[in-house]
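Report on the following structure.
The chains referred to below are lettered A, B, ... by the order of the sequence lines, with proteins before strands, and numbering in each begins at 1.
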Amino acid sequence: MKHDTPALYFSRELALACDANGVLVEADARARSVLGAEPGTPLVRLALPGTEGKVAALLRAARGSAVENWELSMLVDGMPQTLSFSAWPAGEGRIELIGLRLPALHTTSVQQLNDALAEVLELTRESARQARELVEKNSALERAYRELDESNRGIVSLHAELAEKLETTRRTAEVKGRLVANVSHEFRTPLHTILGLSRLLLDGSDGPLSPEQLKQVGFIRSSAEELSRMVNDLLDLSRAESGKVATRIDRFRARDFISAMRGMLRPIVSPSEGVSLVFEEPGADIEIESDHGKLAQIARNLVSNALKFTERGEVRVTLTCTDDELELTVRDTGIGIAQEDIDRVFEEFEQVDGPLQAKAKGSGLGLPLSVKLAELLGGRLRAESTLGQGSTFILNIPRVHPEAREMNSLESRELRSDAAPVLVVEDDRKTIFLYEKFLALAGFQVVPARDVEKARKLVRSVNPSAIVLDIMLEEESTWEFLGELKRDPSTSNIPVLVVTVTAREQKARALGADEFWLKPVDPDRLLRKLKSVARPNAAPTVLVIDDDERARYLLRKILHQSPYHCVEAANGPVGIQVAKSLRPSVILLDFLLNDMTAFDVIDELKADPRTRQIPVVVVTSHELADTERERLTAHTQAIVPKDHLSRELAINRIRDALGKAGVRAREESGGTNG
Amino acid sequence: MSLPPTDATPEVDLPTLQRRYLAAQLAGDRARALHIVLEEGLAQGVPAERLVASVIQSAQREIGELWEGNHISVAQEHSATAVSQLVLAHLFHHASRAPRNGVRVLIACVEGELHELPARMLSDALERAGVDARFLGQNVSADAVVLAARTFGPDVVALSATMAFHVSALRRTLEVLRGALEPCPLIAVGGRGSAELAPYEADLIVSAATADEAARALLEVVLRIRAGDVSEAGIAG
């Protein structure tokens, strides 16, 4: 259109004329420029290819009469465009046409509308697609949810089942525990009377006995002792099974252990019987770090079994060590055990039937208890035997108890640079391990110190970020240590966490003991204990509060020969009154009074300033539950242990407790250590 | 509105429906046109593809003929087409669809081609057949097709040239696509413009009576190629 005049450019109309055959005979300037129309070309040639039909139709229609608004698609500038034509017959078959280009505005606005519509429709489709996807995802989610719900239900019901079973098991264990505790108490009370009185008789405190009578009383006593041992075994087994037994680990030499065994077990061998008990000397100098009390218990059980079932020959005990594993064997030349019975002997209350077995009655508890003890030592017990030839019982335990090993590694561990060190002054291994776990989680490293001496050294060398101090560790010295820390400017800023009695059994031991002095009270022990507390002035009085007449009798008898004055009270209220008026040096309080509980007595005593400072020793024949023990340890100065191995510890504790109260026995030989 | 099962035998008189639909179209009565297709058609159990073929496509053919006979103007034709566009959009929303089969098809009208309804119907039919179909609209330049193909990654590019006139644009687009896409997806062509091509010029020349037939034919080819039944070379429509 570049070369058109404005008139041509802006005008919308064009004029054409065709002959009777539809061939162009005239085309005005516009037609020529817009359509490229030339006379001589058939009109149909101008049509958009494919739309020739409509052009022909127009020509046909216009032959007869005038036609208006006949739209044709034609090529304008090579682009399809719609033009509106009017046509009429002009004589002799000639057709004249006027064509009108539709306003551009019209077509563009229609186009724009189309575009807008297309966009909107596309958006609608898109949202429809997304809605579909959502529905599909939803149903998949719902399916997954249903499956999850089902498996959840399964898990919940499983949980409920488990909880139920757990509850049943717990209740059963509880009942069993209480049963055992009660039984043992019931057995013990008369037992301790027999033991105590027979001792008195043997001592001749009320006059001498004839030799025959001495023998008889001796038998009474040994029977009672054996019975006592069986009751203890039962109790031990029960406690071991319910996990209430603690291990006390220390270092000892195999040689020392064997000689101690020799001494302890010689009495039970009857020389007339023709069976010799041989302890082989351990070859190498082996140092063991384990609970030697339990090891001794196992050895004693195995040896007494072996002796029981051997008529002639020998029982040989050997202790060897290979690769840090200890092996204790007890080999006998006795009746042996049949292969099919070997497993059964380890079961509770099981005994193989046979003439010799019938002769040697046992409680049937020794071996199962030994198995349990072996486990506590980190090892195992097994048996080998040939019927008719003899048996060998083999105990294997680690030379260094796993707990001790862990403790050793903890102590010898090198300081890391990335975690702040915390000095833990604590002697109980389990507690240290606990600290280790929790403090490690918080990014600290635990540096253990088992005593105040070590703690002093480590404070200087390690320079800890904090100190956890068990104030009951060594009582006076720990307080002193704390004082030192605070007075010294170089350590006064280290935060010190002071730990006192907690709700744990091991913690209670820090106060003195976690076990209780069982009746019968061993007179030597009692005297030794009292002797160790020295006081220059008044005669120390011991107040015994016990509703059992026999128990009081025994204690009175024991103390009769001693410098201590014994006062008795048959029940709690009387005992309290006596305590308040008399102010004894120490009170021996029976745990199981009939009218008042020991707790109530202690509460009363502690509440009154007159009696608050009097040391209270709880004496009991009852196995206490943890909660009871906790309460006690909070109030009592000392709880005396029954295990003779910690007697020294107990004695020291009591001495300290009494010493703190300023009590000293009148007769003191210099520096007695009980 | 709930969808009835598509295999229900409709008692609906489709020719009458179509006549009434066309009347509504030409009158510009969108609401009535929608009602006829959705309520009197789809809701009565007539499957969407029957409605598209027997009502909408059929009406569209008539509209062409009407213009041919100069009974309607181009403006009327445009507005009638717009009504069908709307109805198709609604059908898309309500019609049932086969589960997705993972096949992707890109559809475009070649440059200059403004008749987009046939291509739109093919696109909708493909979606009903479970295909992921993307429609680029009318008058799409070859470069725009290339760009879309690169991002969408179709199995097939379907080019529409409704008018015979647009065969050159079609040829140009084919050339550009083959040159620019490596590997080149299957190229299908349709419309009167495609009839002008020689068989070798495109991979697939689609000529079917209805959009759904065309969609199914396309899908089948793709699935057979995927299954390894045929090679990509030498497929005729």
Can you confirm whether [X] is buried at [atom1], in the sense that more than 12 heavy atoms of other residues, nucleotides or ligands lie under 6.0 Å from that atom?
X: A/Arg32; atom1: CZ; answer: yes
X: A/Glu136; atom1: CD; answer: yes
X: A/Glu167; atom1: CD; answer: yes
X: A/Glu126; atom1: CD; answer: yes
X: A/Arg94; atom1: CZ; answer: yes

> Is chain A contacted by the side chain of B/Asn139, its backbone, both, or neither, given a heavy-atom distance below 4.5 Å?
Replying inline: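 For B/Asn139, there is no contact with chain A at all, as no heavy atom is under 4.5 Å.
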> With a 4.5 angstrom heavy-atom cut-off, which part of B/Leu114 approaches chain A: side chain, backbone, both or neither?
Replying inline: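 Contact with chain A: side chain only.
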I want to check something: taking the side chain as every heavy atom from C-beta on, are [X] and [Y] in contact at a cut-off of under 4.5 Å?
X: B/Arg134; Y: A/Glu122; answer: no
X: A/Arg132; Y: B/Arg100; answer: no
X: A/Glu71; Y: B/Glu77; answer: no
X: A/Thr51; Y: B/Met163; answer: no

Heavy atoms only: give me the nearest [X]-[Y] pair and the separation to one decimal.
X: B/Trp67; Y: A/Ser73; result: CH2-OG, 3.4 Å
X: A/Pro80; Y: B/His166; result: CG-NE2, 4.5 Å
X: A/Pro49; Y: B/Phe165; result: CD-CD1, 4.0 Å

Chain B contact via [X] - which portion, at a heavy-atom distance below 4.5 Å:
X: A/Glu68; result: backbone
X: A/Leu75; result: side chain
X: A/Ser127; result: neither

> To the nearest 0.5 Å, how far apart are CG in A/Leu121 and CZ in B/Phe92?
Replying inline: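 Result: 11.5 Å between the selected atoms.
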>> Nearest 0.5 Å, please: how far is CG in B/Leu88 from OG1 in A/Thr124?
In response: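 Spacing of OG1 (A/Thr124) from CG (B/Leu88) equals 12.0 Å.
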> What residue in A/Asn69, A/Leu58, A/Val120 has the most heavy-atom pairs under 4.5 Å with chain B?
Replying inline: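 Looking at each of A/Asn69, A/Leu58, A/Val120 in turn, A/Asn69 comes out on top.
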>> Could you check whether A/Arg129 pairs with B/Glu127 (Lys NZ or Arg NE/NH1/NH2 to Asp/Glu carboxylate O, under 4.0 Å)?
In response: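 Between B/Glu127 and A/Arg129 there is a salt bridge, with a charged N closer than 4.0 Å to a carboxylate O.
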> When only pairs under 4.5 Å are counted, which of B/Pro99, B/Gly112, B/Ala89, B/Ala164 shares the most heavy-atom pairs with chain A?
Replying inline: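 Most heavy-atom pairs within the cutoff with chain A belong to B/Ala89.
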> Quick one: of B/His90, B/Arg120, B/Glu68, B/His78, who has the most non-hydrogen atom pairs under 4.5 Å with chain A?
Replying inline: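 Most heavy-atom pairs under 4.5 Å with chain A: B/Arg120.
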